[in-house]
Amino acid sequence: MENPFASEDLARDPLDLAWTLLGSRLLSDAGEGRVELLITEVEAYRGLDDPASHCYRGRTARNAVMWGPPGRLYVYFVYGMHFCANVVGMSDGVPGAALLRAGEVMAGGELARQRRPRTRGAGHHAIGPAVLTGVLGIDRECNGVDLTDAESVVRLLPGDDRPATAVRSGPRVGVSAAVDYPWRFWLADSKAVSTYRRGGRKTAARK
DNA sequence: ATTCTGATTCTCT
DNA sequence: GAGAATCAGAATT
């Protein structure tokens, strides 16, 4: 069994954290069975000085985990049906995190396909934050899980070293504030990456 | 191929 | 009560 990240290795600014997460791996035993995912796309959310962050307007019950120690999983529910997951960074007491947006399933492809039928093909791409959580079996029960503890249901393992040129960046997806911050990062040579949709949608349901 | 819309419920104003 | 760090399927804007 491989060793997870140490908590202090993740106590960094979300922009650095995003960089660190690319190419690292998530091991999830949530639900039945195990799925391993190589992280290919993330977005940084800085908290205090980032208008698009859940923490921009202060601490609430929902965002509490983002203010806690680094290396925890911040899971939230959106659009009435989906879960999204972040890795918490910064130090205890200062909010900051990186949203996990996409990855490639390295092990547990059968289970992944069962959970998300669209996750198919040789690459087993899980593109989109809610597809990613679906494939890993992550839901609200995983909020606050310590990714640096080898006993946790979800762990985060360091990836191999890679050249800086392997990373690209661009605008975040789906946010309505700070739309021009190029705080989405992805692996240039991966096909498991969101296609940027300009502007995104403003509102969900309208009557 | 790209663009639009319905689904569905939680959180904060 | 509005809007949300979205997805999947249908329309073709």
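Here is the naming used below: chain letters follow the sequence lines, and residue numbers restart at 1 for every chain. All values below were derived from every heavy atom in this structure, side-chain atoms included, with hydrogens, water molecules and symmetry-related copies excluded.
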Undergrad: So, under a plain 3.5 Å distance rule, would you say the side chain of Tyr76(A) forms a donor-acceptor pair with the base of dA5(C)?
TA: yes
Undergrad: Of the nucleotides dT6(C), dC7(C), dC10(B), which has the atom closest to the Arg140(A) side chain?
TA: dC10(B)
Undergrad: Using whole Å, report how far NE2 of His54(A) lies from C1' of dT11(B).
TA: 10 Å
Undergrad: Can you tell me the distance, in whole Å, between the CG atom of Leu99(A) and the P atom of dA4(C)?
TA: 16 Å
Undergrad: Using atom CZ of Arg62(A) as one end and atom C1' of dA5(C) as the other, report the distance to the nearest whole Å.
TA: 9 Å
Undergrad: For dA4(C), does either OP1 or OP2 sit under 4.0 Å from a side-chain N or O belonging to Ser176(A)?
TA: yes
Undergrad: Identify which nucleotide among dA7(B), dC10(B), dC7(C) has an atom closest to any side-chain atom of Pro129(A), counting heavy atoms from C-beta outward.
TA: dC7(C)
Undergrad: Is a salt bridge present between Arg162(A) and Asp189(A), judged by a nitrogen-to-oxygen distance below 4.0 Å?
TA: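 No.
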Undergrad: Flag as yes if Tyr79(A) stacks onto the base of dA7(B) (centroids under 5.5 Å, planes under 30°), otherwise no.
TA: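 No, Tyr79(A) does not stack on the base of dA7(B), since the centre distance and plane angle fail the 5.5 Å and 30° test.
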Undergrad: Rounded to whole Å, how long is the line connecting atom OH of Tyr56(A) with atom P of dT13(B)?
TA: 14 Å
Undergrad: I want to verify a distance call: between dT6(C), dC10(B), dA8(C), whose nearest atom is closest to the Phe77(A) side chain?
TA: dC10(B)
Undergrad: Taking pairing as Watson-Crick or G-U wobble with both contacts under 3.5 Å, can you name the mate of dT5(B), or confirm there isn't one?
TA: dA8(C)
Undergrad: Closest approach to the side chain of Met81(A), judged atom by atom: which nucleotide of dA5(C), dT8(B), dT6(C) is it?
TA: dT8(B)
Undergrad: Under the side chain to side chain contact (heavy atoms under 4.5 Å, CB included) test against Thr148(A), which residue among Pro69(A), Ser7(A), Pro70(A) passes?
TA: Ser7(A)
Undergrad: Whole angstroms only, please: what is the CZ-P distance between Arg57(A) and dA4(C)?
TA: 10 Å
Undergrad: Provide, to the nearest angstrom, the distance between the NE2 atom belonging to His82(A) and the C1' atom belonging to dA8(C).
TA: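 My rounded result for the distance is 8 Å.
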Undergrad: Would you please confirm or rule out a distance under 4.0 Å between OP1 or OP2 of dC12(B) and any side-chain N or O of Thr60(A)?
TA: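 So the side-chain polar atoms of Thr60(A) do come within 4.0 Å of the phosphate oxygens OP1 or OP2 of dC12(B), strictly under.
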Undergrad: May I ask you to decide if Pro14(A)'s main-chain N or O and Arg46(A)'s side chain share a donor-acceptor pair within less than 3.5 Å?
TA: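 Pair absent, no side-chain N/O of Arg46(A) close to backbone of Pro14(A).
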Undergrad: Using modelled atom types and a 3.5 Å cut-off, is there a donor and acceptor pairing between side-chain atoms of Asn3(A) and backbone atoms of Ala150(A)?
TA: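 No, the answer is negative, given that no donor and acceptor are paired below the 3.5 Å cut-off.
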Undergrad: Measure the distance from CD1 on Ile127(A) to C1' on dT6(C) and round it to the nearest whole Å.
TA: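 Interatomic distance, CD1 of Ile127(A) to C1' of dT6(C): 14 Å.
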Undergrad: Check every strand shown and say whether Ala52(A) touches a base, only sugar-phosphate, or nothing at a heavy-atom separation below 4.0 Å.
TA: base
Undergrad: Give a yes/no on whether any side-chain N or O of Arg101(A) is located under 4.0 angstrom from OP1 or OP2 of dT6(C).
TA: yes
Undergrad: Just how far, in rounded Å, is C1' of dC12(B) from CG of Asn63(A)?
TA: 11 Å
Undergrad: Testing the basics here: between Arg59(A) and Asn63(A), what is the closest heavy-atom pair and its distance to 0.1 Å?
TA: CA-OD1, 3.5 Å
